[in-house]
*Asks:* 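Here's a structure for you.
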Amino acid sequence: MRHLLEWVSTLADTFQSNSHPEFDDTVKAEFNDAFPHLTAAKVKLENGTSVEHASHPAVGVVARVFVRTHRSNLGKAGSTSDMEEYDTPELRAEWVEDQLRDNRFLYEFPDDPTSKGIFRGPLVITTFAYFVELYIRCGWSAKYGPPAGMLCLAVMAVKRGLTQWASGTFDKGGAFERVPWGTEAMRDFFPAASKLSEAKWDDIFGKAEAVIEATRGEIHVPGNDRDEEDEDEQPATTLFMSP
């Protein structure tokens with residue numbers, strides 16, 4: 001089941017992945033691929049009917065919890081920018097305002113008129129690295145295509161994080177949810193992300209892997225500021241990380 005999140009990461013609307021018309025079929029395919037010895041076997045439900053293991057309702061439930069958990073964790077990763085270098089709330093607010101102006105945070109070289117390095121801003125790369133670390137541990141198959149949707153989600157996680165610091169002091173604000181963050185990702189960023197060249201994807205992944213190496217593979221995600229949609233989600237992680 002480890003490649004389910006890889007499929008989700010390619011979607012334009014990652015917030016709606018759990019209701020995507022291909023979600024259940026993808027879950028079944030990934031389940032059967034991960035547990036081929038269970039493909040032909042059936043399991044009996046409480047109502048007495050028998051279904052394939054991959055079609056058991058619990059599998060779909062756990063799959064949806066798994067996806068929500070990691071989407072939420074990516075949102076949290078975007079809220080962890082180091083603000084300690086700013087001595088006053090006013091200086092923090094000034095920095096945040098500069099980052100949000102024309103989405104400067106999105107670029108590696110925001111002042112370069114010829115090659116800005118879209119989607120390679122340090123905050124975006126650091127946030128996306130949370131997801132790349134997961135890819136590395138799962139084993140990236142690339143069978144679903146580049147993770148344009150998840151890259152856009154990382155962009156929105158950063159934008160949300162900056163917005164939380166807009167006053168110079170942290171304000172958690174609303175949850176990381178489809179409106180407004182998912183809809184803005186689809187409208188403003190996915191068209192460009194979906195057209196990135198292979199060379200640019202290589203650069204993005206390379207920069208993210210450098211962040212992971214620099215942090216010894218430990219991308220920090222806070223655990224004490226759970227969003228409203230997070231309740232009882234974490235136990236699903238281990239099952240869907242397994243081959």
Side-chain angles (χ1 to χ4, degrees), residues 2 4-6 8-11 13-15 17 65-85 92 95-96 99-100 103-108 118-138 140 146-166 170-178 180-182 184-185 189-190 193 201 204-231 233-234 236-238 240-241:
R2 56 187 176 174
L4 175 64
L5 209 59
E6 189 177 326
V8 170
S9 73
T10 67
L11 302 178
D13 190 356
T14 54
F15 279 96
S17 58
V65 169
F66 171 74
V67 171
R68 286 197 304 269
T69 296
H70 288 285
R71 183 176 60 227
S72 177
N73 282 347
L74 189 67
K76 293 171 186 175
S79 300
T80 60
S81 300
D82 187 0
M83 296 286 178
E84 294 181 1
E85 63 181 285
R92 294 192 190 101
W95 177 79
V96 168
Q99 291 295 307
L100 289 173
N103 291 325
R104 288 171 59 84
F105 70 90
L106 186 64
Y107 304 99
E108 184 177 12
I118 190 171
F119 296 115
R120 279 159 283 180
L123 295 176
V124 174
I125 291 295
T126 299
T127 302
F128 189 60
Y130 162 76
F131 214 74
V132 173
E133 183 186 15
L134 184 64
Y135 284 157
I136 292 172
R137 285 190 285 143
C138 288
W140 175 250
M150 204 57 67
L151 179 60
C152 293
L153 200 65
V155 169
M156 298 316 302
V158 170
K159 190 166 187 177
R160 179 200 183 212
L162 289 169
T163 302
Q164 290 172 320
W165 285 98
F170 186 78
D171 180 4
K172 182 178 180 180
F176 190 53
E177 54 193 2
R178 186 171 188 263
W181 308 112
E184 184 175 346
F189 300 107
F190 187 81
W201 276 114
I204 290 169
F205 270 95
K207 285 177 167 59
E209 288 170 9
V211 170
I212 295 168
E213 184 176 352
T215 56
R216 297 182 180 180
E218 296 296 332
I219 304 299
H220 174 66
V221 177
N224 296 322
D225 58 345
R226 296 167 65 83
D227 290 335
E228 290 84 347
E229 66 174 4
D230 293 349
E231 293 302 318
E233 291 182 352
Q234 195 60 41
T237 303
T238 303
F240 281 80
M241 289 287 290

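Positions are given from 1, in the same order as the sequence printed here. The figures here come from the full heavy-atom set of this structure, side chains too, leaving out hydrogens, waters and symmetry mates.
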*Asks:* Can you give me the closest heavy-atom contact between Met150 and Val8, atom names plus distance?
*Replies:* CE-CG1, 4.2 Å

*Asks:* Not counting sequence neighbours, which residues clear salt bridge (charged side-chain N to carboxylate O under 4.0 Å, His left out) with Glu209? List them please.
*Replies:* none

*Asks:* Starting at OG1 of Thr10, measure out to CZ of Phe190 and round the result to the nearest 0.5 Å.
*Replies:*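 These two atoms lie 7.0 Å from each other.
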
*Asks:* Looking only at atom types and distance, does a side-chain atom of Thr215 sit under 3.5 Å from a main-chain N or O of Val211, one as donor and one as acceptor?
*Replies:*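 The answer is yes, because a donor-acceptor pair under 3.5 Å joins these two groups.
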
*Asks:* Of the non-hydrogen atoms in Val155 and Val124, which two are nearest, and what is the gap between them?
*Replies:*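 For Val155 versus Val124, the nearest heavy atoms are CG2-CG1, 4.0 Å.
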
*Asks:* Between Arg160 (side chain only) and Trp181 (backbone N and O only), is there a donor and an acceptor less than 3.5 Å apart?
*Replies:*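 No: the side chain of Arg160 does not pair with the backbone of Trp181.
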
*Asks:* For the residue pair Phe66 and His70, categorise the inter-ring angle as parallel (less than 30°), tilted (30 to 60°) or perpendicular (more than 60°).
*Replies:*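 Correct class here is perpendicular.
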
*Asks:* Which label fits Trp201 and Phe128: parallel for a plane angle under 30°, tilted from 30 to 60°, or perpendicular past 60°?
*Replies:* tilted

*Asks:* Find the distance between CG (Leu100) and CH2 (Trp95) and round it off to the nearest 0.5 Å.
*Replies:*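 Reported value, rounded in 0.5 Å steps: 8.5 Å.
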
*Asks:* Please name all residues satisfying ring-ring contact (aromatic ring centres under 6.0 Å, His included) with Phe189, sequence neighbours left out, ordered by chain then number.
*Replies:*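 Partners of Phe189 by the ring-ring contact (aromatic ring centres under 6.0 Å, His included) criterion come out as none, since no residue qualifies.
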
*Asks:* Please report the interatomic distance CZ(Phe119) to CG(Leu151), rounded to the nearest 0.5 Å.
*Replies:*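 Between Phe119 CZ and Leu151 CG, I get 5.5 Å after rounding to 0.5 Å.
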
*Asks:* Roughly how far apart are Gln164 CD and Phe176 CZ, rounded to 0.5 Å?
*Replies:*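 Nearest 0.5 Å value for the CD-CZ distance: 10.0 Å.
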
*Asks:* Just verifying a value: how many Å separate Thr127 OG1 and Leu74 CG, rounded to the nearest 0.5 Å?
*Replies:* 7.0 Å

*Asks:* Of all the heavy-atom pairs spanning Gln99 and Leu162, show the shortest one and how long it is.
*Replies:* CB-CD1, 3.9 Å

*Asks:* Between CD1 of Ile212 and OH of Tyr130, what distance do you get to the nearest 0.5 Å?
*Replies:* 11.5 Å

*Asks:* Looking at residues at least two apart in the chain, or sitting in another chain, which of them share a salt bridge (charged side-chain N to carboxylate O under 4.0 Å, His left out) with Arg178?
*Replies:*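 Result, salt bridge (charged side-chain N to carboxylate O under 4.0 Å, His left out) vs Arg178: Asp13.
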
*Asks:* Should Cys152 and Met156 count as side-chain neighbours, where that means a heavy-atom distance under 4.5 Å?
*Replies:* no

*Asks:* Any heavy-atom pair between the side chains of Asn103 and Lys159 that's under 4.5 Å?
*Replies:*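 Of all side-chain heavy-atom pairs linking Asn103 with Lys159, at least one is under 4.5 Å.
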
*Asks:* Counting C-beta onward and ignoring hydrogens, is there a side-chain heavy-atom pair between Phe205 and Pro146 closer than 4.5 Å?
*Replies:* no

